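In what follows, a single structure is set out as structure tokens and then discussed.
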Amino acid sequence: MALVRASQYFLPTWKEEPTEAELPSHKLMLRAGMIRKLAAGIYTYLPLARRVLHKIETIIREEMDAIGGMEITMPMVHPAELWAETGRLQEFGPILGHLRDRAGRELVLGPTHEEVITDLARREIRSWRQLPLVFYQIQTKFRDEPRPRGGLVRAREFTMKDGYSFHESQEDLDRFYRKIYQAYLNIFRRCGLSVVVVEADPGLIGGSESHEFMLPNPFGEDSFIQCEHGDYAANLESAVSRKEEDDPAEPLLPLEEVATPDCYTIEAVAQFLGVPPRKTAKAVFYRAGEELVFVVIRGDLEVNEGKLARVLGRADLRPANEEEIARVGAVPGYASPRGIRRDRVKVVVDDSIPKARNLVAGANRAGFHLKNVNFPRDFSADIVADVALAKEGQACPRCGGRLKVQRAMELGHIFKLGTKYSEAMGATFLDREGKSRPLIMGCYGIGVGRLLAAVIEAHHDEEGMIWPVHLAPFEVLVSVLDPKQGALLESGEKLAQALAESGFEVLLDDRDQSAGEKFHDAKLLGIPILVIVGPRAVKQNQVELERRPDGAKFLVAGEPKAVVEKTTELIGAKGQRASTS
RNA sequence: CGGGGCGUGGCGCAGCCUGGAAGCGCACCUGCUUUGGGAGCAGGGGGUCGCUGGUUCAAAUCCAGUCGCCCCGACCA
């Protein structure tokens with residue numbers, strides 16, 4: 001039985017808008033007394049938030065258990081050597097929180113748990129007969145993010161559901177991946193959210209294939225690109241767009257040097273020579289460690305530095321300066337892949353270039369460009385790959401439809417890891433042939449606090465939150481307008497008791513505050529059913545029920561039986577309120 | 001890390017330009033009245049003006065530094 005009296009509960013609501021918050025979910029959680037900030041990106045969760053989090057976590061546990069997941073809890077503090085084994089001690093850089101124990105041993109605060117779970121696996125898994133195994137935990141993570149934002153949307157300390165699976169074969173991982181994909185869809189649907197699944201970049205976690213579950217939202221911390229026909233959606237950081245091939249019938253013309261005074265930009269050259277930017281080749285320089293990288297890309301496209309870093313396999317990419325460019329024999333503004341010191345530079349050619357014919361490119365001579373440059377006839381490359389930034393308005397790689405960019409919140413991310421961690425850490429098993437092989441792994445994350453914020457983003461209005469019944473911190477709010485009148489308070493107590501005995505989670509607002517304040521708090525808290533026990537109606541032995549989502553009002557007899565019946569009619573009986581649809 | 005903004009009772013802010021007794025609204029405490037959409041009257045408590053240093057007879061105010069927080073970008077598991 002769940003009956004909570006507001007007068008004895010911790011419900012510190014705010015009347016005024018907090019200036020520190022921009023996002024609706026952030027503002028509302030502060031105003032409703034759900035969270036309080038301790039430091040940038042570090043929050044205390046107050047009782048009201050915990051109640052909702054319990055329900056969200058229950059949904060996650062049910063869906064994870066349904067596909068064979070086993071809940072565990074791993075430590076939050078890890079020995080740094082474990083992270084050194086996979087090289088991520090360096091890769092994560094300043095995002096890792098460090099500390100030392102009394103003996104001076106280095107420890108890190110866990111930002112994710114691939115190393116820890118793989119350590120467990122290498123100690124415990126010996127045989128294919130033990131597989132597959134699926135573990136998960138709901139636990140606090142710390143990532144010293146350079147810019148926390150939006151309250152729980154991107155916090156430094158946050159709660160994450162992270163899951164890890166171990167398989168004897170890629171096929172078995174693929175089978176499980178489809179299951180968890182569906183489980184994730186179930187979780188977000190049960191939280192009342194319609195997410196878009198996008199192809200994603202595995203990033204620092206690694207692996208071959210990954211998907212993100214995105215909630216479109218103008219305040220989101222991430223962006224994705226989506227085809228108007230819905231057959232392609234990908235995170236903006238790894239999205240590809242179609243690069244049209246030039247007419248193969250167009251003959252390859254001979255190289256020709258032309259004077260192009262004061263044409264330092266693609267726009268200037270294209271205009272001067274009367275060709276569209278897409279018939280030009282642009283040179284872009286980067287520095288990766290000691291290495292200079294020369295990227296050649298079609299003039300109308302831009303370099304996606306993330307893709308480039310992945311193609312090169314390095315994280316320390318930065319734009320090169322003029323001096324560095326000149327050192328390899330290139331002329332800034334007129335740089336060309338022809339005539340540079342190939343021994344001093346790595347040439348990366350975007351895959352737009354081989355598809356194009358007779359391009360205008362720099363001549364490596366101030367004031368001159370080359371016409372009719374063709375790859376590979378006129379220059380060579382170390383790497384040919386897609387390193388272009390996909391943009392709004394470009395063509396879908398699948399169907400050629402228009403691509404659209406949307407801001408979104410990344411709620412979940414699933415990865416096929418393969419053997420990245422098992423190989424690095426020596427987590428092997430004996431397969432059916434008795435051969436020792438590295439475990440095949442997958443990993444799966446959901447930001448639980450971010451999910452809470454997302455639910456509020458999706459379910460609120462100007463006056464406050466509007467909880468889906470099965471996520472609401474309470475199901476019914478019984479508000480006694482003037483609790484100093486003993487008869488009124490007694491009547492409210494009786495109704496609240498009856499509702500609680502019938503299985504509803506009830507908050508009894510018995511605080512001695514003005515009616516207006518109570519009504520405003522009721523809107524703010526967004527509890528689905530408000531039962532108003534006021535002098536006016538009670539005089540006629542009536543109470544009023546108000547439904548939060550639409551404000552619909554219902555007058556019923558002020559007796560427990562009638563109120564319980566009407567409430568049941570409005571939000572369903574206990575068994576029917578399960579969050580399973 | 002680059003750009004912008006802000007630190008003054010619990011919250012929201014004014015005062016700073018032009019140095020001279022720390023103020024306003026809300027909240028809080030006491031009493032009385034009031035109770036159907038953020039009540040009224042009366043009385044009251046609470047702030048080393050983020051911190052450090054400097055200039056000055058005198059600093060919330062001017063100068064230098066520093067810390068914290070928010071927003072945009074970079075980054076992002």
Side-chain angles (χ1 to χ4, degrees), chain A residues 12-23 26-27 30-31 33 36-42 86 88 91-96 110-115 141-151 153-156 158 160 162 164 200-207 210 212 219-223 235-238 305-306 309 315-319 407 409-410 412-415 417 420 443-447 450 463-464 479-485 488-489 511-524 530 532-539 542-544 546 551 553 555:
Chain A
T13 57
W14 290 347
K15 178 156 57 172
E16 288 177 78
E17 291 252 304
T19 47
E20 69 182 69
E22 289 282 299
L23 272 76
H26 190 194
K27 286 183 189 170
L30 287 168
R31 286 191 55 210
R36 289 295 182 256
K37 185 177 68 186
L38 178 65
I42 302 180
T86 57
R88 291 209 297 180
E91 268 186 75
F92 264 74
I95 286 173
L96 267 184
T112 176
H113 281 68
E114 284 77 15
E115 279 79 1
K141 302 280 188 271
F142 182 81
R143 298 178 184 177
D144 197 354
E145 294 284 355
R147 186 154 98 84
R149 57 191 275 193
V153 170
R154 191 201 286 164
R156 293 195 295 168
F158 59 100
M160 180 164 150
D162 46 326
Y164 307 89
D201 168 30
L204 279 186
I205 295 285
S210 90
E212 287 173 339
F219 294 102
E221 83 297 344
D222 213 337
S223 297
N235 193 301
L236 191 60
E237 66 190 3
S238 58
E305 294 180 13
D316 54 349
L317 204 66
R318 62 163 177 82
R407 198 89 184 179
M409 294 168 69
E410 179 200 329
H413 198 162
I414 60 178
F415 304 75
L417 291 176
K420 171 173 171 166
C443 76
Y444 321 97
I446 290 177
R450 187 181 284 177
E463 296 179 283
S479 191
V480 180
L481 292 189
D482 184 6
K484 275 189 179 160
Q485 292 185 34
L488 272 191
L489 181 58
R511 298 172 301 172
D512 182 24
Q513 289 181 342
S514 76
E517 283 179 288
K518 293 185 166 212
F519 283 121
H520 279 271
D521 271 357
K523 288 264 165 52
L524 176 63
L530 171 64
I532 305 163
V533 183
R536 206 167 68 193
V538 165
K539 228 174 262 169
Q542 284 187 317
V543 296
E544 189 174 18
E546 189 172 317
K553 292 176 177 143
L555 266 180

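This is a predicted model, so every value here is computed, not measured. Letters A, B, ... mirror the listed sequences (proteins, then strands); counts begin at 1.
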Counterpart base for [N], defined by Watson-Crick or G-U wobble contacts under 3.5 Å:
N: B:U30; result: B:A42
N: B:C11; result: B:G25
N: B:U48; result: none
N: B:G2; result: B:C72
N: B:C16; result: none
N: B:C62; result: B:G54

Problem set entry | Atom pair distance, as rounded to whole Å: NZ in A:K27 and C1' in B:C11 |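 Going from A:K27 (NZ) to B:C11 (C1'), I get 16 Å.
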
Exercise. Rounding to a whole Å, what distance do you find between A:N235:CG and B:C76:P?
Worked result: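 One finds 10 Å between P of B:C76 and CG of A:N235, rounded.
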
For this session: Check whether any side-chain N or O of A:R31 sits under 3.5 Å from a backbone N or O of A:W14 as a donor-acceptor pair, and report yes or no.
Result: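 Looks like yes, one N/O pair under 3.5 Å.
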
Problem set entry | Backbone N/O of A:Q513 and side chain of A:K518: donor-acceptor pair under 3.5 Å |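 Flag not set: sc A:K518 to bb A:Q513 has no pair under 3.5 Å.
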
Exercise. Can you tell if the side chain of A:S223 reaches within under 4.5 Å of the side chain of A:R407, non-hydrogen atoms only?
Worked result: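 Of all side-chain heavy-atom pairs linking A:R407 with A:S223, at least one is under 4.5 Å.
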
Exercise. What pair of heavy atoms forms the shortest contact from A:G445 to A:M160, and how long is it?
Worked result: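 So the minimum-distance heavy-atom pair works out to CA-CE, 4.1 Å.
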
Problem set entry | Smallest separation among heavy atoms of A:P483 and A:D512, with atom names |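 Minimum heavy-atom separation between A:P483 and A:D512: CG-CA, 3.8 Å.
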
Exercise. Of A:E20, A:E17, A:E22, which meets side chain to side chain donor-acceptor pair (under 3.5 Å) against A:K27?
Worked result: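 So, applying the side chain to side chain donor-acceptor pair (under 3.5 Å) to A:K27 and each of A:E20, A:E17, A:E22, only A:E17 qualifies.
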
Problem set entry | Electrostatic pair A:R147:A:E221 at N-O distance under 4.0 angstrom |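 Not counted as a salt bridge, because no side-chain N and carboxylate O are separated by less than 4.0 Å.
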
Problem set entry | A:E517/A:R511 ion pair, N-O < 4.0 Å |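 Answer for the salt bridge query: no.
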
For this session: Indicate for each nucleotide in nucleotides 66-74 of chain B, in 5' to 3' sequence, whether protein heavy atoms under 4.0 Å reach the base (B), only the sugar-phosphate (S), or nothing (-).
Result: ---SSSBBB

Exercise. Which letters describe nucleotides 34-46 of chain B, given B = protein heavy atom under 4.0 Å from base, S = only from sugar-phosphate, - = neither?
Worked result: BBBBBS-------

Problem set entry | Non-neighbouring partners of A:K539 that pass salt bridge (Lys or Arg N to Asp or Glu O under 4.0 Å), sequence neighbours left out |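 A:K539: no salt bridge (Lys or Arg N to Asp or Glu O under 4.0 Å) contacts found.
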
